[in-house]
Amino acid sequence: MFTLKERIPGYLLGQYQLVATVTFTAFFSLFFLMFSIPFSHNAWFELRATEAFGFTVLFYLLALTLVIVSKRVLFITYRKRAERPTFIGYILWNLVEIFAICTLYTIFTIKGNSLGIIDNGGETWYLVFFRSFIYCIMTLAVPYVICGMYFAIIDKDNTIRVLNYSTVVTDEVLPPREEKKITLFDSSGALRLSVTSSNLYYIESDDNYVKVWYTDNLGDMKQYMLRCRLKTIEESFADSELIRCNRKYVVNMEHVRVLRKLRDNYILELDNDAIPPLPVTKTYEENVLARFNSTYRGE
């Protein structure tokens, strides 16, 4: 469960996801409009060849343009920033969209009423605004939530898996140190990266992404980014040399050279001087100590 101060997942700000959200919202709102008009007694939307029909089309196009511009500004704004907005910030952004469209509807209603095109029954502007707010919640908030849930389900397919090559039939004899691989798959199931376990140093969390730090065949340190939660990786790496040492890192114990005790906590120094020491927090201290002891006792 997320908190309002937590950063939103990166997939909510992807260009493809934003385009898909706007497209789905446009069709959802159009079908909702067509379905609700015959049953509504307090909305002036009209699909017949009348002057109100022209107002209906113009309002729909302007509202859709407002949503498109808003999502485009959202994409450009946070693409340039290092941090994504929080959930509360994202919700407020969408509420501003809704209030802007409600204001547009209220202006159309008052203007159309003064021209004799729309009959709003003498309602005051704030009652018109409130009524439009209910409509906007149905036509914007509902499709936004549906799209968010859909993309969240798709995102769960982005995971890192441990593949033991000792169970694979092959005509090649693989050295024991190369038998275990860390394999990375994308949401379509396509293999993106396969790393020998002994070449992987640590995995770093970056919200809903992770950075995999490993060395290539030349011994150069490389980084690969994948959309995945560190919790998923921690569960996938059960019973392996990879262990979580704090909320941000999973470390390969094969490369731990020194476990150093500081005043308040431990740190792990790896056998690569280019990698800074990784802190061990109280939550994971017991597991790390047990794994370190078993590793260096040859168990």
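Among Val142, Leu140, Ile68, the one residue that satisfies the side chain to side chain contact (heavy atoms under 4.5 Å, CB included) test with Thr25 is Leu140. Tested against Tyr201 for a side chain to side chain contact (heavy atoms under 4.5 Å, CB included), the candidates Val251, Asp271, Asn252 yield a single pass: Asp271.
Partners of Ile134 under the side-chain contact (heavy atoms from CB on, under 4.5 Å) rule, at least two apart in sequence or in another chain, are Phe130. Asn287 is linked by a side chain to side chain donor-acceptor pair (under 3.5 Å) to nothing, counting only residues two or more places apart in sequence or in another chain. Under the ring-ring contact (aromatic ring centres under 6.0 Å, His included) criterion, Tyr214 pairs with no residue at all, not counting sequence neighbours. A search for side-chain contact (heavy atoms from CB on, under 4.5 Å) contacts involving Val57 returns Phe53, Leu61, not counting sequence neighbours. For Tyr284, there are no ring-ring contact (aromatic ring centres under 6.0 Å, His included) partners two or more places apart in sequence or in a different chain. Taking the side-chain contact (heavy atoms from CB on, under 4.5 Å) definition, one finds that Tyr126 meets it with Thr124, sequence neighbours left out. Legend: residues meeting ring-ring contact (aromatic ring centres under 6.0 Å, His included) with Tyr60, ordered by chain and number and at least two apart, are absent. Every residue meeting the side-chain contact (heavy atoms from CB on, under 4.5 Å) condition with Phe24, not counting sequence neighbours, appears here in chain and number order: Phe28, Pro143, Ile146, Cys147.
At a threshold of 4.5 Å between side-chain heavy atoms, the hydrophobic network of Ile, Leu, Val, Met, Phe, Trp and Tyr places Leu12 and Tyr16 in one connected group. Using a 4.5 Å cut-off between side-chain heavy atoms of Ile, Leu, Val, Met, Phe, Trp and Tyr, with links allowed through other members, Tyr105 and Ile107 fall into different hydrophobic clusters. Val195 and Tyr224 fall within a single hydrophobic cluster, where Ile, Leu, Val, Met, Phe, Trp and Tyr side chains are chained together by heavy-atom contacts under 4.5 Å. Each of Val67 and Val96 belongs to its own hydrophobic cluster when Ile, Leu, Val, Met, Phe, Trp and Tyr are linked at side-chain heavy-atom distances under 4.5 angstrom. The cluster map of Ile, Leu, Val, Met, Phe, Trp and Tyr, joined by side-chain heavy atoms under 4.5 Å apart, puts Val22 and Leu95 in the same cluster.
In this structure a side-chain-to-backbone donor-acceptor pair under 3.5 Å is missing from Thr196 to Asn199. A donor-acceptor pair under 3.5 Å links the side-chain atoms of His255 to the main chain of Ser198, judged by distance alone.
The stretch residues 100-114 participates, sequence neighbours left out, in no salt bridge (Lys or Arg N to Asp or Glu O under 4.0 Å) pair at all. Applying the side chain to side chain donor-acceptor pair (under 3.5 Å) rule to pairs touching residues 89-102 yields Ser70-Trp93, Ser70-Glu97, Lys71-Asn94, Lys71-Glu97, Glu97-Tyr144, sequence neighbours excluded.
Val19 shares a hydrophobic cluster with no other residue; no ILVMFWY side chain has heavy atoms under 4.5 Å from its own.
Close placement of the Phe99 and Phe129 rings is indicated, their centers lying within 6.0 Å of each other.
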Inset, instruction - Check the pair Thr86 / Ile8 against side chain to side chain contact (heavy atoms under 4.5 Å, CB included), numbers first and verdict last. - result: CA-CA 5 Å; Thr86 60; Ile8 68 171; 5.9 Å; no
Indicate every side-chain donor-acceptor pair of residues 260-270 with a distance under 3.5 Å to a residue at least two apart or in another chain.
unit_1: Arg260; atom_1: NE; unit_2: Glu269; atom_2: OE2; d: 2.8
unit_1: Arg260; atom_1: NH2; unit_2: Glu269; atom_2: OE1; d: 3.3
unit_1: Arg260; atom_1: NH2; unit_2: Glu269; atom_2: OE2; d: 3.1

